[in-house]
Amino acid sequence: MPADWSAGQPVPSPCISVCRMDPATGWCEGCLRSIDEIIAWSRQDEAGKLQVWARLPGRWQQQQEALFGPLPPSPGAS
C-alpha cells in the first residue's frame with residue numbers, strides 16, 4: 001500500500017501507468033497485477049482491493065529474483 005494511505009480512504013489503484021503484460025508471469029510490468037485483477041479492479045469492493053495489494057510484495061520479490069537472482073535477507077530478518 002502507498003505509505004500515505006490510511007483506513008477509511010478508498011483503496012488506491014496500484015497502477016503506475018507502465019502498462020505492459022509480462023508473458024512469463026502474466027503480470028503487468030508496472031503494477032504487477034494480472035489482467036483479471038486489472039479488469040475487476042473497478043468492480044471490486046475495498047476488501048478485494050486490499051487482497052490484491054497484499055499479493056504485490058511477493059510478486060515484486062519474485063520479479064526481482066528473476067531479474068537479479070536471490071535477494072539478500074532484509075535487515076533484522078531471521
Side-chain angles (χ1 to χ4, degrees):
M1 286 297 304
D4 60 349
W5 180 81
S6 63
Q9 295 180 339
V11 176
S13 170
C15 180
I16 61 168
S17 298
V18 176
C19 305
R20 286 185 304 268
M21 298 308 288
D22 182 320
T25 64
W27 304 328
C28 172
E29 292 179 9
C31 67
L32 301 177
R33 292 179 293 171
S34 69
I35 193 70
D36 291 337
E37 290 167 337
I38 293 167
I39 291 168
W41 187 264
S42 64
R43 297 184 317 269
Q44 267 186 320
D45 60 15
E46 301 298 286
K49 291 176 181 180
L50 289 172
Q51 289 174 352
V52 171
W53 269 102
R55 291 189 283 269
L56 300 183
R59 291 178 183 177
W60 181 86
Q61 184 168 351
Q62 288 178 26
Q63 180 190 54
Q64 296 305 300
E65 288 178 350
L67 292 170
F68 305 112
L71 299 175
S74 300
S78 49

Item to check | Non-hydrogen side-chain atoms of Q44 and V52 separated by less than 4.5 Å | outcome: yes

Item to check | Heavy-atom side-chain contact between L32 and Q63 under 4.5 Å | outcome: yes

Checklist outcome for this item: Taking every heavy atom of P70 against every heavy atom of E65, the minimum-distance pair comes out as CA-CG, 4.0 Å

Item to check | Verify same cluster id: W41, W60 (apolar side-chain graph, 4.5 Å) | outcome: yes

Item to check | Least distance between heavy atoms, S34 atom then M21 atom | outcome: C-CE, 4.1 Å

Item to check | Considering all heavy atoms, the nearest P14-C31 contact | outcome: O-CB, 3.4 Å

Checklist entry - Would you say I39 and R43 make side-chain contact, with heavy atoms under 4.5 Å? => result yes

Item to check | Atom of E46, atom of V11 and distance for their closest heavy-atom approach | outcome: OE1-N, 2.6 Å

Next on the checklist: Could you measure the distance from the SG atom of C19 to the CD1 atom of I38? Nearest 0.5 Å is fine.
Outcome noted: 7.0 Å

Next on the checklist: Can you tell me how far apart CG (L50) and CZ (R55) are? Round to the nearest 0.5 Å.
Outcome noted: 11.0 Å

Checklist entry - Just wondering, do E37 and C28 contact through their side chains at under 4.5 Å, heavy atoms? => result no

Next on the checklist: Checking the side chain of W53 only, and the main-chain atoms of P12 only, is there a donor and an acceptor separated by less than 3.5 Å?
Outcome noted: yes

